Amino acid sequence: MSDSRLFKILYYLLDKGHATAPELADKFEVSPRTIYRDVESLSGAGIPIYAEQGRNGGIYLLHDFILDRAILSKKERQEILTIMESISATGYTSGRDILTKLSALFNVSTGNWLEVDFSRWGKSTCDNEKFEKLKIAVIQHKKIKIVYENTRSERMERIVQPLKLSYKSKEWYLKAFCLKKQDFRIFKVNRILKLELLEETFVPTPFQEPKKTLQQTCQQIVLLFSKEIAYRVYDEFDETQIEYENNGDLIAYAKMPVDTWLIGYLLSFGTNVEVMEPKYLRTILAEQAQGIYEKNKT
């Protein structure tokens with residue numbers, strides 16, 4: 001017996017109102033006898049399904065039956081709708097229609113609790129449009145041409161096979177296969193400056209994480225933050241990574257790659273951060289800060 005067929009029969013009856021055994025047998029490619037056994041199984045599971053004999057007979061559900069009362073608890077119904085609400089909030093165009101149908105079927109509403117806007121503060125709708133194109137490219141397996149600015153301030157044009165959109169540490173990334181490099185690459189979505197959706201399709205392959213270079217190897221970083229900047233520390237570090245000094249200052253521990261992003265990030269704290277480990281990072285940060293001072297002093 002196929003559980004999926006039982007559910008399909010149930011959904012078909014919810015949609016059509018009723019059906020004959022030969023009709024269901026033809027649709028699901030089984031015998032009428034199998035359909036009647038399925039009806040008995042559904043009835044035994046508590047589904048109010050019944051068969052009527054005669055010229056206008058057939059297989060029916062009770063008129064006021066809704067799916068959720070028989071199969072799903074109230075909490076399970078709410079969880080399903082919450083998932084659909086989350087998906088539709090990402091801009092998935094069919095998500096809202098499916099959510100509406102399920103809400104009516106379950107007789108439950110999520111209250112439209114979630115909203116996702118992919119544009120940055122102060123930006124136009126171009127970020128949302130970019131995300132929509134990337135979503136289409138990933139789902140439909142279409143190649144894209146991008147202009148990308150890397151961390152070395154090099155602007156390059158690439159044709160890639162987009163495989164997945166990934167959200168990590170408050171940033172969106174595109175995982176793709178780069179045709180020029182013939183290797184897997186990760187592109188930060190905000191640094192994709194131009195994007196063209198191509199008609200050429202591809203057969204997707206599982207994404208393989210690129211091998212980390214020596215510069216990308218994570219190191220143990222220990223940072224001392226003044227209490228005045230605590231709110232920013234909580235934005236970036238988990239409570240388990242933080243220790244508290246008697247005066248309210250915070251010590252944060254994390255493994256990070258020492259690169260240009262980290263230097264810029266630390267400089268954004270100004271005098272409210274002190275590098276405790278590694279020692280050489282203190283020198284790099286001090287030299288960068290001195291350079292900023294020399295460039296901007298009057």
Side-chain angles (χ1 to χ4, degrees), residues 4 80 82-102 114-218 236 255-265:
S4 63
I80 290 173
T82 296
I83 292 169
M84 289 307 306
E85 184 79 42
S86 304
I87 293 173
S88 65
T90 65
Y92 176 52
T93 53
S94 298
R96 178 57 57 182
D97 292 337
I98 296 173
L99 179 64
T100 300
K101 291 179 180 179
L102 287 176
L114 182 64
E115 178 180 344
V116 176
D117 185 350
F118 294 104
S119 62
R120 288 161 283 181
W121 292 107
K123 297 287 286 186
S124 65
T125 59
C126 61
D127 283 343
N128 287 329
E129 293 170 359
K130 182 197 299 182
F131 189 89
E132 182 68 18
K133 285 184 179 180
L134 289 172
K135 181 193 71 176
I136 292 172
V138 172
I139 293 175
Q140 298 183 5
H141 310 312
K142 288 189 174 184
K143 295 179 182 179
I144 58 174
K145 181 189 291 185
I146 63 172
V147 175
Y148 187 74
E149 185 96 3
N150 65 20
T151 55
R152 298 182 296 276
S153 298
E154 299 169 341
R155 189 165 296 192
M156 54 191 184
E157 184 176 280
R158 294 284 189 269
I159 294 178
V160 303
Q161 298 173 347
L163 301 172
K164 184 181 295 185
L165 281 164
S166 174
Y167 186 78
K168 183 176 178 62
S169 187
K170 297 183 286 188
E171 295 287 353
W172 281 100
Y173 298 88
L174 173 68
K175 294 185 174 182
F177 184 82
C178 178
L179 296 181
K180 182 176 181 178
K181 296 296 185 180
Q182 285 296 298
D183 199 2
F184 297 94
R185 291 289 188 270
I186 299 176
F187 301 94
K188 194 172 183 178
V189 171
N190 283 343
R191 294 206 293 262
I192 297 177
L193 306 179
K194 293 182 181 179
L195 169 64
E196 180 183 350
L197 190 62
L198 305 178
E199 289 301 320
E200 187 178 359
T201 59
F202 64 93
V203 178
T205 56
F207 182 82
Q208 299 177 20
E209 295 291 338
K211 293 181 180 179
K212 292 183 178 179
T213 63
L214 181 62
Q215 291 77 16
Q216 293 173 315
T217 302
C218 291
E236 303 293 342
K255 285 192 173 181
M256 298 180 179
V258 177
D259 54 16
T260 55
W261 178 90
L262 179 60
I263 302 303
Y265 170 72

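Heads up: numbering here begins at 1 and tracks the sequence. Computed from a prediction, not measured in an experiment: that's the story for all the values here.
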Applying side-chain hydrogen bond (donor to acceptor under 3.5 Å, both in side chains), can you list everything that pairs with Gln182, at least two apart in sequence or on another chain?
none
Walk me through it: do Gln161 and Phe202 pass the test side-chain contact (heavy atoms from CB on, under 4.5 Å)?
CA-CA 7 Å; Gln161 298 173 347; Phe202 64 93; 3.6 Å; yes
Measuring from Ile186:CD1 to Lys164:NZ, what's the distance to the nearest 0.5 Å?
10.5 Å
The reported gap from CZ in Phe207 to CZ in Arg185 (rounded to nearest 0.5 angstrom) is 9.0 Å
Within-4.5 Å side-chain heavy-atom neighbours: Arg155 and Val147:
yes
Can you measure from OH (Tyr148) to CG (Leu193) and round to the nearest 0.5 angstrom?
9.0 Å
Looking only at heavy atoms, what is the nearest atom pair of Ala176 and Pro162, with distance?
CB-CA, 3.9 Å
From Gln140 CD over to Lys135 NZ, what is the distance, rounded to the nearest 0.5 angstrom?
9.5 Å
To the nearest 0.5 Å, atom NZ of Lys188 lies from atom CG of Leu174 at 14.0 Å
Shortest non-hydrogen contact from Leu163 to Phe184?
CD1-CE2, 3.7 Å
Output yes when a side-chain donor or acceptor of Arg158 lies under 3.5 Å from a complementary backbone atom of Ile146, and no otherwise.
no
Considering all heavy atoms of both residues, which atom of Ile144 and which atom of Ala137 are nearest to each other, and what is their separation?
CG2-CB, 3.6 Å
Check the pair Leu134 / Trp172 against side-chain contact (heavy atoms from CB on, under 4.5 Å), numbers first and verdict last.
CA-CA 11 Å; Leu134 289 172; Trp172 281 100; over 6 Å; no
Stepwise side-chain contact (heavy atoms from CB on, under 4.5 Å) check, Lys142 with Leu198:
CA-CA 6 Å; Lys142 288 189 174 184; Leu198 305 178; 6.0 Å; no
Under 3.5 Å, side chain of Lys130 to main-chain N/O of Ile192, donor-acceptor pair present?
yes
Check the pair Leu179, Lys143 against side-chain contact (heavy atoms from CB on, under 4.5 Å), reporting the backbone distance first and the verdict last.
CA-CA 10 Å; Leu179 296 181; Lys143 295 179 182 179; 4.0 Å; yes
Asp259 CG to Cys218 SG distance, which is reported to the nearest 0.5 Å
9.0 Å
